[in-house]
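Residue numbering restarts at 1 for every chain, and letters A, B, ... go by the order of the sequence lines. On a predicted model such as this, the values are computed, not experimentally measured, just so you know.
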There are 2 protein chains.
Amino acid sequence: MAANIHISLKHQSYLRDPESTELGKTIIAQSINLLDELGFEDFTFRKLAAAIGSTEASVYRYFENKHKLLAYLVSWYWAWLDYLVTFQTHNIPDPRERMSRAIEVIVKAGQNDDPTIVYIDERVLHRVVVAESAKVHHTKEVDAENKAGYFLELKHFCHSLALLILEINPAYSYPHALVSTMLEAAHQQLFYAQHLPSLTDVKADRYNETADFLKHIVFAVVDSKKHANPEQNG
Amino acid sequence: MAANIHISLKHQSYLRDPESTELGKTIIAQSINLLDELGFEDFTFRKLAAAIGSTEASVYRYFENKHKLLAYLVSWYWAWLDYLVTFQTHNIPDPRERMSRAIEVIVKAGQNDDPTIVYIDERVLHRVVVAESAKVHHTKEVDAENKAGYFLELKHFCHSLALLILEINPAYSYPHALVSTMLEAAHQQLFYAQHLPSLTDVKADRYNETADFLKHIVFAVVDSKKHANPEQNG
DNA sequence: CTTTGTATGATAGCAATACTATTATTCAAG
DNA sequence: CTTGAATAATAGTATTGCTATCATACAAAG
């Protein structure tokens with residue numbers, strides 16, 4: 001994996017591009033660690049500034065508030081995952097095989113030990129995204145932020161996987177819904193395995209089980225005779 | 001539906017049982033409206049107290065903080081939904097038919113116009129749960145709260161649906177994961193349809209489409225030949 | 001009919017959070 | 001050498017989250 005890959009976002013959840021300065025990169029790097037350590041609720045710009053030996057006011061020059069910073073990190077994560085999946089599937093001709101590989105990459109994103117970007121610890125970022133990403137869109141600002149393009153990276157990723165679903169079964173009626181459900185489940189099952197094990201059957205850190213479960217769902221659905229004719233109810 | 005049904009929780013996210021006093025019931029009723037109106041982030045006990053003509057200190061006598069209040073409401077919601085599903089499926093002999101009905105009840109919980117409990121507006125509560133419930137378990141306190149029984153209602157509901165899955169196909173390996181994925185998707189797709197439509201294919205307020213999508217998933221998975229033998233990968 | 005306890009209201013206050021503003025310093029490009 | 005951009009240092013404000021104290025109201029127990 002190349003070290004000079006640059007993940008750029010299609011929107012500005014930031015005030016000043018953090019990738020353009022040293023302080024900006026430090027803010028990103030340390031906010032990931034601090035979010036992982038404290039959780040979003042206890043994370044503050046004051047603590048972040050203290051952790052990086054800077055000041056609150058300086059952090060506020062990059063991000064309006066901690067919510068926008070989280071939106072940035074989550075978008076960055078989806079853009080990165082999209083890149084990873086594209087990279088790891090681009091030479092696989094069979095769409096089924098490509099989908100299978102994509103699911104493995106998605107589930108094992110937190111295990112990737114070959115960092116794409118030097119100053120971002122993707123394994124920690126994965127933990128943060130699993131634990132906190134739902135908070136990005138579950139707010140009263142979701143419509144305004146959607147308009148501002150905050151969710152383009154997730155939408156793009158979701159859409160390209162939906163097209164892959166349609167390659168496997170062009171008659172399936174809910175490709176985007178299936179993909180967004182699968183993406184959410186990929187995080188959710190990891191979280192449940194670790195914190196609420198009775199809500200799942202996969203064991204913590206058994207990434208293959210989670211991938212197996214998700215593949216079962218996706219392939220059962222796209223292969224189901226019923227789903228080729230969505231008129232017929234189950 | 002009887003008006004004297006009492007939904008009681010198996011844990012104490014509260015300090016004083018809100019169902020035991022008039023003020024307690026007012027707190028519940030108004031917190032649902034205010035959460036719906038402001039969202040969890042902007043909701044405060046000060047605003048709630050003002051809205052019900054009481055004081056902050058009085059609210060704090062019922063709930064330690066707004067997070068615990070939300071945990072209470074979400075648990076109440078799951079206990080209520082469990083009751084609704086049990087009630088609406090108890091005389092259906094065929095497990096497939098029972099699952100189908102259960103999914104309809106889950107998806108249409110927000111449309112129920114026959115209130116179970118007088119002082120709780122279940123339609124508004126449903127909106128609040130769709131928008132905010134993820135915040136209950138996505139915190140650093142999740143393990144402690146799990147120990148304290150905060151998630152028993154969801155777990156119980158999930159388990160009883162998992163048993164239903166096993167009734168349909170006793171060989172399926174991931175019944176709890178399938179159910180928790182389906183329950184999450186039921187909320188998520190409604191939310192996406194309304195706020196992030198490109199992440200789904202179902203249209204806002206088309207509850208039948210969402211139910212159709214979820215039934216497709218559940219029945220495709222439990223009927224899939226592959227899933228009877230989880231050794232074979234997709 | 002008093003006493004006692006329980007629930008609530010009224011008011012105050014405090015530490016932390018979420019910002020904003022002002023000025024000073026550094027440092028690199030013109 | 002000057003200018004301007006980025007950052008640091010410091011201060012300050014409104015709101016939030018929460019606790020404490022005291023007064024009142026009212027119902028049950030003696």
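In this structure, the CZ atom of B/Arg16 is 6 Å from the C1' atom of C/dA7, given to the nearest Å. Taking atom CD on A/Glu19 and atom P on D/dA6, their separation rounds to 17 Å, with Å as the unit. Computed from coordinates, the A/Leu23 CG to C/dT25 C1' distance equals 15 Å when rounded to whole Å. Residue A/Asp42 contributes atom CG, which lies 11 Å from atom P of D/dC18 at whole-angstrom precision. One interatomic measurement links the two molecules: OH of B/Tyr14 to P of C/dA7, which rounds to 14 Å at whole-angstrom precision. In this structure, CZ of A/Phe43 is placed 13 Å from C1' of C/dA18, rounded to the nearest angstrom. One interatomic measurement links the two molecules: CZ of B/Phe63 to P of D/dT19, which rounds to 16 Å at whole-angstrom precision. When rounded to the nearest whole Å, the span between CD of A/Glu41 and P of C/dA16 equals 19 Å.
Side-chain N/O atoms of A/Lys66 include none lying less than 4.0 angstrom from OP1 or OP2 on C/dT17.
Among the nucleotides D/dG17, C/dG9, C/dA18, the one closest to the side chain of A/Tyr60 is C/dA18. Relative to the side chain of B/Thr21, the nucleotides C/dG9, C/dT8, C/dC19 differ in distance, and C/dT8 lies closest. Checked against C/dT22, D/dG17, D/dT21, the side chain of B/Arg61 finds its nearest nucleotide in D/dT21. The listed nucleotides are C/dA10, D/dA6, C/dA18; the one nearest the side chain of A/Thr44 is C/dA18. When the nucleotides C/dC19, D/dT7, C/dG9 are ranked by their closest atom to the side chain of B/Thr55, C/dG9 comes out on top. With distances taken from any side-chain atom of A/Tyr62 to the nucleotides D/dT7, D/dG17, C/dA10, the minimum falls on D/dT7.
Contact of B/Glu56 with D/dC18 (side chain to base): a donor-acceptor pair of N or O atoms is detected under 3.5 Å.
Among the atoms of the strands shown, base atoms are found under 4.0 Å from some heavy atom of B/Arg46.
For the pair B/Lys66 and B/Phe40, the cation-pi criterion (under 6.0 Å, within 45° of the ring axis) is fulfilled.
Looking only at atom types and distance, the side chain of A/Tyr192 has no donor-acceptor partner in the side chain of A/Ser198 under 3.5 Å away. With 3.5 Å as the limit, one finds a donor-acceptor pair spanning the side chains of A/His159 and A/His176. Side-chain polar atoms of B/Tyr60 and B/Asn65 form no donor-acceptor pair below 3.5 angstrom.
No side-chain heavy atom of A/Glu122 sits under 4.5 Å from any side-chain heavy atom of A/Tyr77.
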